[in-house]
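Beneath this line is the structure, given in structure tokens, with notes to follow.
For ligands, and for the atoms within them, numbers begin at 1 and follow the listed sequence.
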Amino acid sequence: MGASRTPPDTALVPSLPKTTYYIPNFISPSEESQLLSQIASAPKPKWTILTHRRLQTWPSALSKSNILLAEPLPSWLELPIIPRMQELGIWDNSPHKQPNHVLVNEYKPGEGIMAHEDGPAYHPMVATVSLGAPIVLEVFEKSEEGLGEAKFGILQEPRSLLVTTDDMYTAHLHGIAQQTADENLGPETVANWDLLGEKDLFADGRYDRQIRTSLTYRDVLKVAKFNLGNSLFKR
Ligand SMILES: O=C(O)CCC(=O)C(=O)O
Ligand SMILES: [Fe+2]
């Protein structure tokens with residue numbers, strides 16, 4: 001057994017608990033456009049239409065008791081991304097040593113996702129590949145008094161990888177504001193400012209939203225080899 005690996009410390013988002021990594025240009029522009037065209041060519045019923053975003057769930061939705069029916073991810077979600085993530089060592093401590101579930105979220109300008117936590121169905125880590133356009137993920141501390149102001153933002157550039165684990169996964173909520181521009185961008189508000197690949201794009205502190213897609217990779221803890229009756233599964 002080798003020592004447990006983590007991404008390089010240079011990718012650590014400063015001032016956050018040592019549990020958030022940001023890596024710009026994790027994929028190339030041509031990999032990005034291939035992924036976007038695969039997403040666009042998925043059969044229409046793969047989309048779940050929500051009020052403020054739409055969503056694809058690969059390989060399938062979890063059961064009501066958070067069980068994943070064993071099935072490989074489609075190869076376009078697997079290669080080259082998963083081996084590249086594994087080289088960073090981020091899946092070394094997860095039960096299956098690799099992600100087995102991917103949610104694809106698409107946000108049009110004005111759309112977003114309410115503050116939430118990702119919960120106990122997954123090993124406590126999410127690795128997010130961003131596509132298409134920048135967006136700010138807002139992070140809130142969990143508190144008894146309900147949701148306060150966002151504690152900080154993480155600016156996710158297209159083609160970047162964001163890894164959130166441990167304390168960031170379990171002690172914080174995250175969300176994306178429903179707005180048509182991200183504003184007040186700067187070193188004081190954006191925790192990963194110094195790690196950005198193209199800081200100049202945000203020099204005036206503002207960025208108009210365009211369609212932004214995320215691939216959120218996770219390891220579902222409970223996997224069933226056989227379908228134990230269709231009623232167990234939502235589809
Ligand atoms: O799109 C994102 O970066 C966040 C999505 C998210 O929080 C989720 O799918 O649970
Ligand atoms: Fe989430």
Side-chain angles (χ1 to χ4, degrees), residues 13 16-17 19-24 26-27 32 35-36 39 42 46-62 66 68 73 77 81 85 90 94 99-142 147 150-180 182 185 190-192 195-197 207 209-221 234:
V13 175
L16 301 192
T19 53
T20 305
Y21 294 91
Y22 179 80
I23 299 178
F26 179 70
I27 61 168
E32 177 187 32
L35 285 160
L36 285 169
I39 293 165
K46 271 312 272 190
W47 286 109
T48 304
I49 315 291
L50 303 169
T51 323
H52 298 293
R53 71 192 150 107
R54 57 177 189 160
L55 171 74
Q56 291 180 8
T57 306
W58 293 96
S60 62
L62 304 187
N66 288 332
L68 174 69
L73 287 166
L77 280 172
I81 290 183
M85 287 177 174
I90 59 175
S94 90
N100 55 16
H101 204 230
V102 180
L103 301 183
V104 178
N105 292 293
E106 185 198 83
Y107 309 85
K108 297 181 185 67
E111 297 188 323
I113 185 168
M114 285 196 356
H116 66 279
E117 48 190 321
D118 288 349
Y122 306 104
H123 170 70
M125 181 169 83
V126 178
T128 305
V129 176
S130 290
L131 308 173
I135 213 162
V136 172
L137 186 78
E138 298 187 324
V139 178
F140 305 82
E141 210 147 6
K142 254 199 218 175
L147 209 56
K151 203 177 152 200
F152 48 79
I154 299 173
L155 181 45
Q156 295 176 275
E157 298 172 287
R159 301 179 295 284
S160 68
L161 177 70
L162 176 69
V163 181
T164 56
T165 61
D166 303 324
D167 180 66
M168 255 298 286
Y169 187 99
T170 52
H172 294 80
L173 304 175
H174 57 274
I176 292 172
Q178 290 165 32
Q179 54 198 20
T180 54
D182 286 304
L185 306 176
V190 173
N192 58 324
L195 297 173
L196 292 174
Y207 203 90
R209 291 266 186 93
Q210 294 155 257
I211 295 179
R212 182 266 186 172
T213 303
S214 62
L215 312 176
T216 60
Y217 284 80
R218 306 130 188 279
D219 187 357
V220 178
L221 301 175
K234 285 179 195 152

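An N or O contact shorter than 3.5 Å links His116 to ligand 1 by distance.
Proximity to Ile176 (heavy-atom distance under 4.0 Å) selects the following atoms of ligand 1: 1 (O), 2 (C). Atoms of ligand 1 lying under 4.0 Å from at least one heavy atom of Tyr107, given by number and element, are 1 (O), 2 (C), 4 (C), 5 (C). Under a 4.0 Å criterion applied to the non-hydrogen atoms of His174, ligand 1 contributes the atoms 7 (O). Numbered from 1 in the order shown, with element, the atoms of ligand 1 that lie under 4.0 Å from a heavy atom of Ser214 read 1 (O), 2 (C), 3 (O). The Gln156 neighbourhood of ligand 1 comprises atoms 3 (O), with distances under 4.0 Å to a heavy atom of that residue.
Between Ala121 and Asn66, the closest heavy-atom pair is CB-CG, 3.5 Å. Across all their heavy atoms, Gly112 and Gln178 have their closest contact at N-CG, 3.7 Å. Here the shortest heavy-atom pairing between Leu73 and Trp58 reads CD2-O, 3.6 Å. When all heavy atoms are compared, the tightest approach of Leu185 to Leu155 is CD1-CD2, 4.5 Å. Considering all non-hydrogen atoms of both residues, Glu117 and Thr170 come closest at OE1-O, 3.9 Å. Smallest separation of non-hydrogen atoms from Arg212 and Ser214: NH1-CB, 3.4 Å.
Note on ligand 1: Val126 sits outside its first shell, no heavy atom being nearer than 4.0 Å. Ligand 1 is never approached by Arg53 to a heavy-atom distance shorter than 4.0 Å. Ligand 1 is approached by Arg218 to a heavy-atom distance shorter than 4.0 Å.
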Residues Glu106, Lys108; criterion salt bridge (Lys or Arg N to Asp or Glu O under 4.0 Å); working and verdict = CA-CA 7 Å; Glu106 185 198 83; Lys108 297 181 185 67; 3.2 Å; yes
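By the 4.5 Å heavy-atom criterion applied to side chains, Thr216 and Asp118 are not counted as neighbours.
Counting only heavy atoms of the protein, atom 9 (O) of ligand 1 lies nearest to Asn105 ND2, 2.9 Å. The shortest contact between atom 2 (C) of ligand 1 and any protein heavy atom is with Arg212 NH1, 3.3 Å.
Of the residues listed (Asp219, Asn100, Thr165), the one engaging Ser94 in a side-chain hydrogen bond (donor to acceptor under 3.5 Å, both in side chains) is Asp219, and it is the only one.
In Ile135, neither the side chain nor the backbone holds a heavy atom less than 4.0 Å from any atom of ligand 1. With a 4.0 Å cut-off on non-hydrogen atoms, Asp118 touches ligand 1 through its side chain and not its backbone.
With the Fe ion (ligand 2) as vertex, His174 NE2 and Asp118 OD1 subtend 100°, rounded to 10°.
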